[in-house]
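Single-structure report; data block below.
Convention: sequence-line order gives letters A, B, ...; per-chain numbering from 1.
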Amino acid sequence: MADEKLPLRSENYSEWYNQLIQRAELADYAPVRGCMVVRPYGWALWENIQQALDKRFKATGHQNAAFPLFIPMSFLEKEKEHVEGFSPELAVVTIGGGEKLEEPLVVRPTSETVIGYMYSRWIKSYRDLPVLINQWGNVVRWELRTRLFLRTLEFYWQEGHTAHATEQEAEEETRRMLDVYTDFAVNEAAVPVIPGMKSATEKFAGAARSYTIEAMMGDTKALQSGTSHNLGQNFAKAFEIQFLDQNNVLQHCWTTSWGLSTRFIGAIIMTHGDDQGLKFPPRLAPIQVVIVPIFRSEEERARVMPVVEQVKGMLSDLRVKVDDRSEVTPGFKYNDWEMRGVPLRIEIGPKDIEKGSVALARRDIPGKEGKQFVSQDGLAETVKNLLEDIQKSMLEKAREFRDANIHEPRDYAHLQEIVQDGWAFAHWCGSSACEAKVKEDTKATTRCIPLEGGKSKGACIVCGEPAEYKVYFAKSY
RNA sequence: CGGGGUGUAGCGCAGUUGGCAGCGCACCGCGUUUGGGACGCGGGGGUCGGCGGUUCAAGUCCGCCCACCCCGACCA
């Protein structure tokens, strides 16, 4: 790399973000504007995210399937709000095999419509319900302004699509999957999120209700990190997804959809990263432990390497990398792997061979305080405990940061001040006019009505009219 | 799509009044190094974003186009 140091987060947060992603080899810019290449290290992180989520989807009764990339244009047009929401950002194929197509094909921006069409063919009876399907795939949304991971023209995600016999079941499913996302974010990614409901203006185009998990990034901006929608009967009516109930009455289904994308990688980067670089939570880190062997001569090398291999063997149930590059110094490797976010580093040198020790350095505690010498005996246990401790500390640290940057405004002027660098938690009457005013005055939007602590009577912070609940206002990505 | 900026080696940049296309890092080879970002010597690498114009001569001057980045209006 040309420059050794990253830009400081405090000086230029977005430059820090962009450079870090490229230097750590998570992703690179593709030859097409707004598209990214996810590189092996970034994809390995995504695979770990996929595994953690997929396990939870299966445990809640879902199955995976795959639906087509192309959707007939007419499908999108069947749900009014849906097409209005998505038409400005559609990529449309008009030529195939050199011939102009009879009907243009949309590259899926999301799959409610094709899946709805298929469900209408598959569902006949209440006995067919519920249908619980998830798909891992890619979608395209023609965004004007793009950022690696946060907003790219094409992104990777999972989208769950379910159909139910009753409104209540659909709502339960929507909330269950929001809980799954919350559990994943908090316990796997160490990203403390606030689950809540989106306002009418912020909800998904075509949904009856949208839920979200909102996370605070290192610059205090909010990031919608996952969403779960109760689609009511909107898509069921548009695509005639109908079933005969126990009383032989034809009814429309109640459907849901929920998604989490590669954007979440952006959430991990910006929740945990520091001026030194990435900081990955141990549970999701592509490399959990890096071993740096240290030797000066061939003779020392011959003594050190067998122990390195032995230690690696002791940690065989972890994702361990031995950095045996001979062309760079240990000091370079320390900085390199810290930049790449590896949670724990083990150094093994001649002194350790003599003492039967190794040096351990925690990524989450910089410098000497994070470094300790421990015995090789029981190392597997020591490392396992340490990784768990790192996981826990990272969540704690992120939570403290978030809570320290959420404030309850005294009045509207105070709210305007708060959202310049933090989140405001305040009563809101529910009118979109008040939301719009805040947005116009401050660029901050309502993020969500939290499921916990949201219900509260008071006066709207904007207009003073009676309010039934409190919401978070913040600038967002 | 509006405002601003940048395009010269993989990356970061310099290039004077128009006159043989350079520097640092990275890369390759050899040697010395290695517990917090090593060093020496020797190498390889370029349609100067594209097209057109002015000129004996264009990286440099003029015109048009394109791409990317940043800031705004929209979004997982």
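Nearest nucleotide to the side chain of R296(A), out of A76(B), U34(B), G37(B): U34(B). The side chain of N18(A) lies closest to C69(B), out of C69(B), U34(B), G36(B). Distances were taken from every side-chain heavy atom of I294(A) (C-beta onward) to each of C70(B), U34(B), G36(B); the shortest belongs to U34(B). Side-chain proximity of K439(A) to G37(B), C74(B), G35(B): nearest is C74(B). When the nucleotides G35(B), A76(B), U34(B) are ranked by their closest atom to the side chain of E347(A), G35(B) comes out on top. When each of C69(B), A76(B), G37(B) is scored by its nearest atom to the side-chain atoms of Y29(A), the top-ranked nucleotide is C69(B).
For the salt bridge (Lys or Arg N to Asp or Glu O under 4.0 Å) criterion with D274(A), the lone passing option out of R363(A), K397(A), R9(A) is R363(A).
At a threshold of 4.0 angstrom between heavy atoms, the contacts of P88(A) with the nucleic acid are absent. Among the protein residues, E327(A) comes within range of no part of the nucleic acid, since none of its heavy atoms lies under 4.0 Å from any strand. Within the 4.0 angstrom heavy-atom criterion, no nucleotide atom of any strand lies near K333(A).
Ring centers of W46(A) and F149(A): at least 6.0 Å apart, outside the cut-off. W157(A) has its ring centre less than 6.0 Å from the ring centre of F155(A).
Using a 4.0 Å cut-off on heavy atoms, the residues of residues 254-280 of chain A that approach RNA chain B are S261(A), R263(A), listed by number. Applying a 4.0 Å cut-off to non-hydrogen atoms, the residues of residues 366-374 of chain A that approach RNA chain B are K371(A), F373(A), listed by residue number.
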### Task
Begin with the C-alpha distance, continue with both residues' side-chain angles, and end with the deciding distance and a verdict on ring pair (Phe, Tyr, Trp, His ring centres under 6.0 Å) for F86(A) and F204(A).
CA-CA 10 Å; F86(A) 280 106; F204(A) 176 75; 5.8 Å; yes

### Task
Show your working on ring pair (Phe, Tyr, Trp, His ring centres under 6.0 Å) between W258(A) and Y211(A) and close with a plain yes or no.
CA-CA 9 Å; W258(A) 26 276; Y211(A) 295 93; over 10 Å; no

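Under 4.0 angstrom from either OP1 or OP2 of C74(B) there lies no side-chain N or O belonging to K443(A). Residue T329(A) places at least one side-chain N or O closer than 4.0 Å to OP1 or OP2 of A38(B).
A distance of 11.0 Å separates CZ in F473(A) from CD1 in I418(A), rounded to the nearest 0.5 Å.
Checked by atom type and distance alone, the side chain of R319(A) pairs as donor or acceptor with a backbone atom of A285(A) at under 3.5 Å. Side-chain atoms of D352(A) never come within 3.5 Å of backbone atoms of K355(A) as a donor-acceptor pair (strictly under, hydrogens ignored).
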## Note on the structure
Symbol by symbol from the 5' end, with Watson-Crick or G-U pairs under 3.5 Å, [ ] crossing and | another strand, RNA chain B is (((((((..((((.....[..)))).((((((.....)))))).....(((((..]....))))))))))))....

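With the nearest nucleotide of RNA chain B identified for both L144(A) and L150(A), L144(A) has the one nearer the 5' end.
Stacking annotation: W157(A) is not stacked on the base of A76(B) (requires ring centroids less than 5.5 angstrom apart and an interplanar angle below 30 degrees).
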